[in-house]
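The structure appears right after this line, and notes come after that.
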Amino acid sequence: MDGSSTVSQAERLDRGFERLARVVALGGGVLLVGVVGMTVASIVGRYLFDAPIPGDYELTELACGIAVFAFFPYCQATNANVVVGFFTSRLRPRYQAALDSVHGVAAMVMAGVIAWRLLVGGIRKLEDGETTLFLEIPLHWAYFPALVAAGLLAAACFVVVLRHLRTLQR
C-alpha cells in the first residue's frame with residue numbers, strides 16, 4: 001500500500017468518526033431539547049393547573065448528565081475544545097502537532113479512566129438496585145449511556161492523536 005492510499009483511508013476514518021460523533025452529539029441535543037420541553041410543561045402545569053410533572057428534577061438530572069457526555073466526542077473530534085495557546089500559538093506547526101499529540105494521549109488516558117469508573121459505578125448501581133427518589137428510575141440507566149459516550153471520547157482522542165501524528169510525518 002502506498003502512502004496516499006493510507007492517508008485517504010485515515011481521512012475516511014476521520015470523517016466517519018466525526019459523523020458518528022456528530023450523530024451522538026445531536027442525540028444529546030435532542031435529549032436536552034426534550035428536557036427543556038418537559039421543564040416548560042412542568043412549570044406551566046405547576047402554575048396553571050397545580051400539576052407539575054412528577055420527578056421532573058430527576059429526569060432533568062439524568063438526561064443532562066447523559067447529554068453532556070454525548071457532546072464530548074464531537075468536541076474532541078473537531079478540535080473544538082477550549083485551548084489557551086498564549087505560549088504555543090507561535091510554535092511551528094510541527095511542534096504544535098507534537099504538543100497536541102501529547103495532550104491527546106493525556107486526554108485519551110483520562111477518558112479511559114472516566115469510562116472505566118463509569119463502568120464500575122454502573123455495575124455497582126445495577127447490583128445494589130439504587131433508584132431515584134420519586135420515580136424510582138434505576139440509576140444505572142444513566143451510567144451506561146454515559147459510559148458509551150466516554151468510550152467514544154477515548155476513541156476520538158485516539159483518532160485526533162493519529163491525525164496529529166500524520167501531520168508530524170509530513
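- Through direct or indirect side-chain contacts shorter than 4.5 Å among Ile, Leu, Val, Met, Phe, Trp and Tyr, L32 is connected to F71.
- Of all heavy-atom pairs between C157 and G104, the closest is CB-O, 3.8 Å.
- Linking ILVMFWY side-chain heavy atoms closer than 4.5 Å, directly or via other members, places L153 and V68 in a single hydrophobic cluster.
- L133 and L62 fall into different hydrophobic clusters, where Ile, Leu, Val, Met, Phe, Trp and Tyr are joined by side-chain heavy atoms under 4.5 Å apart, directly or via other members.
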- [ ] Test side-chain contact (heavy atoms from CB on, under 4.5 Å) on I137 and T131 and set out the steps.
- [x] CA-CA 5 Å; I137 298 169; T131 63; 5.9 Å; no
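- For the atom pair CG (L99) and NE2 (H103), the distance works out to 4.0 Å, reported to the nearest 0.5 Å.
- Counting heavy atoms from C-beta outward, L59 and M38 have side chains that approach closer than 4.5 Å.
- Between R19 and D14 no salt bridge is recorded (no basic side-chain N to carboxylate O distance below 4.0 Å).
- Counting heavy-atom neighbours within 6.0 Å of F144 CZ, excluding the residue itself, gives a total above 12.
- When T78, N81, V105, N79 are each tested for a side-chain contact (heavy atoms from CB on, under 4.5 Å) with V160, only one passes: N79.
- Nearest heavy atoms, F17 versus A77: CD2-CB, 4.2 Å.
- Within the structure, the salt bridge (Lys or Arg N to Asp or Glu O under 4.0 Å) test picks out the following pairs touching residues 38-66 (sequence neighbours left out): R46-D56.
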TODO: Carefully, step by step, assess I114 and F69 under the rule side-chain contact (heavy atoms from CB on, under 4.5 Å).
DONE: CA-CA 11 Å; I114 290 168; F69 272 98; 3.8 Å; yes
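- To the nearest 0.5 angstrom, T60 atom OG1 is 9.0 Å from I53 atom CD1.
- Of all heavy-atom pairs spanning P73 and A156, the tightest one is O-CB, 3.7 Å.
- Counting only heavy atoms from C-beta outward, the side chains of L152 and F72 never approach each other to under 4.5 Å.
- Among all heavy-atom pairs drawn from S101 and V161, the shortest one is O-CG2, 3.8 Å.
- The line from OG1 of T167 to CG of L162 is 11.0 Å long, rounded to the nearest 0.5 Å.
- A salt bridge links E18 to R163: one of the charged nitrogens lies within less than 4.0 Å of a carboxylate oxygen.
- Closest approach of Q96 to S89, counting heavy atoms only: NE2-O, 3.3 Å.
- In the displayed structure, R117 atom CZ is contacted under 6.0 Å by more than 12 heavy atoms of other residues, nucleotides or ligands.
- The heavy-atom pair separating L31 from A67 by the smallest distance is CD2-N, 4.1 Å.
- F158 and L13 sit in two unconnected hydrophobic clusters of ILVMFWY residues. Membership requires side-chain heavy atoms under 4.5 Å apart, directly or through other members.
- For the atom pair CH2 (W141) and CD1 (I66), the distance works out to 10.5 Å, reported to the nearest 0.5 Å.
- Hydrophobic clustering places V159 together with V24 (ILVMFWY residues linked when any side-chain heavy atoms are closer than 4.5 Å, directly or through intermediates).
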Open item on the list: Using the rule given for side-chain contact (heavy atoms from CB on, under 4.5 Å), can you reason through I43 versus Y47, listing the C-alpha separation, both sets of side-chain angles and the distance that settles it, and then say yes or no?
Closed with: CA-CA 6 Å; I43 291 169; Y47 288 108; 3.7 Å; yes
Open item on the list: Quick one, L139 with T132, criterion side-chain contact (heavy atoms from CB on, under 4.5 Å). Give me CA distance, side-chain angles, the key distance, then yes/no.
Closed with: CA-CA 7 Å; L139 289 182; T132 61; 3.7 Å; yes
